Participant: 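Would you mind keeping the following structure in view while I ask a few things?
Computed from a prediction, not measured in an experiment: that's the story for all the values here.
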Amino acid sequence: MRRIVIFTVLSCSFNGLYPQTGGDNIYEFLNLGPNAYLSSLGGFNISTFSQDPSLAMINPALSGKMTHGKMALNYVNYFAGINYGSAVYSHYSDSLGSFTAGINYLNYGKFNRADEAGNINGNFTASEYAINIIYARQIDSSFSFGANFKPVISQLENYISVGMALDIGASYRSRDGQLNAGLVIRNMGFQIKRYTGNNEKLPFEIMAGISSRLRHAPFRFSLTARHLEKYDLVYDYTELEGDQGYSGLEKIAENIMRHLIFGAELIPTENFYLSAGFNYQRRKELLYEARASTVGFSMGAGIKTSLLDISFSRARYHLAGSSTNFSLLIKPALFKSFR
């Protein structure tokens with residue numbers, strides 16, 4: 001029961017929190033970050049190229065020659081016993097393009113089943129899964145495109161839903177590798193089997209992003225814009241609480257900021273990085289006015305070797321707690337060492 005209470009607190013608005021956008025979609029677990037690197041940058045980054053094939057779960061165009069033969073594993077200790085993770089592998093062919101397959105899941109744990117009188121009569125589980133079938137192809141030295149076909153299965157007690165989702169993405173990389181950009185249309189699709197008689201929407205969104213590495217300094221900065229299909233992400237308090245609502249230029253500025261996620265990286269060598277992010281919308285939706293703390297901020301670090309990469313991140317969601325994310329990138333050299 002404690003898991004349900006905390007998860008509801010983090011998913012719904014309540015007294016003392018700013019109102020939240022969303023809550024009317026199914027399969028929201030599709031928006032959870034697939035690795036520690038993305039989690040450290042505020043949860044999303046669709047423009048930075050990497051050897052990690054799990055980035056293709058957010059932007060399928062980021063799969064390519066760099067990800068060939070690599071396997072990515074990710075685990076997140078979420079809240080109150082809830083956990084999620086992913087596993088993905090990529091293969092590249094010069095003639096055919098890049099093929100990537102993986103799975104991501106969210107496990108809510110085990111709960112007591114009780115009747116209306118409170119009598120315990122067993123237990124039940126709840127979990128959600130998505131299969132990722134990704135294809136990407138490079139058009140020229142700078143542009144590439146990709147698609148991610150995602151069958152989804154969600155089981156909440158005795159209620160089961162099955163759906164299909166599709167991501168389409170494009171990416172740009174400058175010839176010197178200093179400037180990257182991405183554009184993604186995510187979670188297009190529909191339910192095949194409903195939980196009940198009601199048809200529910202998938203968490204559709206359009207995202208764009210840009211990242212730039214400084215030429216003469218070990219820094220990279222990124223900016224990601226979410227929900228480009230929807231301008232207004234601010235709930236207006238004016239009618240409920242008088243002058244506490246937004247108006248005029250203040251509301252325009254607030255709406256712009258709520259679309260943006262900021263990221264920064266320190267890369268002193270190619271084998272080590274430190275990263276940090278700021279998700280403005282997360283902060284505004286989960287902020288407790290009496291004590292702002294570091295809600296919305298995240299940070300992480302990674303070590304890269306010839307055999308595997310290890311990444312760690314810590315993201316602050318609310319005063320109730322933070323999420324811890326561990327990721328491994330297994331390279332072909334490690335597989336060969338076991339032969």
Participant: Answer yes or no: are there more than 12 heavy-atom neighbours, outside Met257 itself, under 6.0 Å from its atom CE?
Facilitator: yes

Participant: Strictly under 6.0 Å, is that where the ring centroids of Tyr105 and Phe29 end up?
Facilitator: no

Participant: Would you please indicate yes or no on a ring centroid separation below 6.0 angstrom for Phe143 and Tyr172?
Facilitator: yes

Participant: Could you label the plane-to-plane angle of the Phe262 and Phe278 rings as parallel, tilted or perpendicular, counting under 30° as parallel and over 60° as perpendicular?
Facilitator: parallel

Participant: Should Asp167 and Lys150 count as an ion pair when the cut-off is N to O under 4.0 Å?
Facilitator: yes

Participant: Parallel, tilted or perpendicular for Phe221 and Phe219, by the 30°/60° rule?
Facilitator: parallel

Participant: Does the ring of Phe297 carry Arg316 above it, NZ/CZ under 6.0 angstrom from centre and within 45° of its axis?
Facilitator: no

Participant: Could you walk me through whether Leu202 and Met188 pass the side-chain contact (heavy atoms from CB on, under 4.5 Å) check?
Facilitator: CA-CA 7 Å; Leu202 273 66; Met188 298 178 287; over 6 Å; no

Participant: Fit a plane to each ring of Tyr231 and His259, take the angle between them on a 0 to 90° scale, and name the class: parallel (under 30°), tilted (30 to 60°) or perpendicular (over 60°).
Facilitator: parallel

Participant: For Arg226, is there an ion pair with Glu205 - N to carboxylate O distance below 4.0 angstrom?
Facilitator: yes

Participant: Quick one: sort the Phe145 and Tyr135 rings into parallel, tilted or perpendicular, breaks at 30° and 60°.
Facilitator: perpendicular

Participant: Check Lys201 with Glu28, please: is the shortest side-chain N to carboxylate O separation under 4.0 Å?
Facilitator: no

Participant: Counting the benzene-type ring for Trp, do Tyr84 and Tyr78 have ring centres under 6.0 Å apart?
Facilitator: yes

